[in-house]
Student: 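The following block contains the structure, expressed as structure tokens.
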Protein chains: 2
Amino acid sequence: MSQEGIHLETSLGYLLKQASSELRAAMEAVLRPLGMTVTHYSCLELLAQRPGLSNSELARGAFVTRQSMNVLLQALERDGYVTRPTEARVGRVSPAQLTPRGRQSLEQASAAVRSVEVQMLGGMTPEEQATAHHVLNRMIRALRNADEDSLE
Amino acid sequence: MSQEGIHLETSLGYLLKQASSELRAAMEAVLRPLGMTVTHYSCLELLAQRPGLSNSELARGAFVTRQSMNVLLQALERDGYVTRPTEARVGRVSPAQLTPRGRQSLEQASAAVRSVEVQMLGGMTPEEQATAHHVLNRMIRALRNADEDSLE
DNA sequence: AACAGTATGTCAGAATGCTGACATGAGTCA
DNA sequence: TGACTCATGTCAGCATTCTGACATACTGTT
């Protein structure tokens, strides 16, 4: 059982992956008793904050492909958590809405996830939280620009 | 095509997931031409920095289950990138080693991944990098403690 | 020495997500 | 109007990872 730090600990990329992995595990742990997966929860939370999001938009927001989100949405619709108009009004986009049942199901999950985030923020001061916010945004922007650069 | 920021952007957890997702995508993009997956690369990199790691230790380092790492290791062994002793000397642990071929294959991948990390660090000052390092470690520690707490 | 507890390697089945592909509708430009 | 491009929803097949399970080996306790 050797658990001393690897040299990779000096890599921000590795740290990022590690933190994300830990966060995901913690979320899965609190969502499992509710019979909910992380993507499942992300979908509901996105719909609560932005009613009318389409399948593709939800997929982008939950960091999965639109195909994956589609099967999830169909299940959620079948089980009565969300509704989608039978026919699209504009283009092929069919905006999704939470049902009261979906909203209720989200409430407990949202509280559970909030507790995880509070745990994660631990004893961080508001200043530290602000710098974390700032630094993560910097990384995201830098990586996104790299993608665009390679596309031309 | 509505791409304006969601309210969730104020959540550090969401930002973390976003950054991690972006980083993973960027790594996949540069590793694909080399016929290598992220877990594949992680395994080789870990072995280069810490020769003799066992299957389970590699799994933890690459953030996958030991079962997943096992199938990868078997493939890598079959293709001559790593070697493992046919019989364990102590317990069931069989330490893995990179072959020259594995080391060579890693070289290009390592350079590619380094370029991604440089891109990610973008115009970040050394101070910002240090705070990023610090803040991510804080989050990781807080989440890990939460896990231990729930185990008792 | 016997025991429980824990960690490991490994196999098999299940779940989840992804890639490929297709048809449809909107926007653009000649 | 017609051709081209792009985004969307959706289906099918594939890949990767995970969960469950088992045998084995070390560790510490009584």
Student: Distance check needed: C:dT10 P versus B:Asn55 CG, whole Å only.
Tutor: 7 Å

Student: If you take atom types as modelled and just measure distance, does the side chain of B:Gln67 reach the base of C:dG13 with a donor-acceptor pair under 3.5 Å?
Tutor: no

Student: Could you work out how much the helix from C:dA1-D:dT30 to C:dA30-D:dT1 bends, comparing the axis of its first five pairs with that of its last five, to 10°?
Tutor: 40°

Student: Given atom CG of A:Asn70 and atom C1' of D:dT8, what is their separation to the nearest angstrom?
Tutor: 10 Å

Student: In whole angstrom, what separates A:Met69's CE from D:dT8's C1'?
Tutor: 15 Å

Student: Show every salt bridge (charged side-chain N to carboxylate O under 4.0 Å, His left out) that has at least one partner inside residues 115-125 of chain B, sequence neighbours left out.
Tutor: none

Student: May I ask you to decide if A:Tyr81's main-chain N or O and A:Thr99's side chain share a donor-acceptor pair within less than 3.5 Å?
Tutor: yes

Student: Going by atom types alone, do B:Ser42 and B:Thr39 pair a side-chain donor with an acceptor below 3.5 Å?
Tutor: no

Student: Just the rounded figure in Å: distance from C1' of C:dC18 to CZ of A:Arg60.
Tutor: 17 Å

Student: Closest nucleotide of DNA chain D for A:Ser54 versus for A:Glu28: which of these residues is on the 5' side?
Tutor: A:Ser54

Student: Tell me, which of residues 73-81 of chain A have any heavy atom that sits under 4.0 Å from an atom in DNA chain C?
Tutor: none

Student: Write out all pairs satisfying salt bridge (charged side-chain N to carboxylate O under 4.0 Å, His left out) with one or both partners inside residues 119-130 of chain A, taking only residues at least two apart or from two chains.
Tutor: A:Glu128-B:Arg138

Student: Could you tell me the separation between the CG atom of A:Leu53 and the P atom of D:dT8, rounded to a whole number of Å?
Tutor: 12 Å

Student: Side-chain donor-acceptor contacts of residues 103-114 of chain A below 3.5 Å, not counting sequence neighbours, with atom names and distances?
Tutor:
{"unit_1": "A:Arg103", "atom_1": "NH2", "unit_2": "A:Leu98", "atom_2": "O", "d": "3.2"}
{"unit_1": "A:Ser110", "atom_1": "OG", "unit_2": "A:Glu45", "atom_2": "OE1", "d": "3.0"}

Student: What are the atom names and distances for every N/O pair under 3.5 Å that joins the protein to nucleotides 15-17 of chain D?
Tutor:
{"unit_1": "D:dT17", "atom_1": "OP1", "unit_2": "B:Thr39", "atom_2": "OG1", "d": "3.0"}

Student: In whole Å, what is the span from the CZ atom of B:Arg66 to the C1' atom of D:dT19?
Tutor: 11 Å

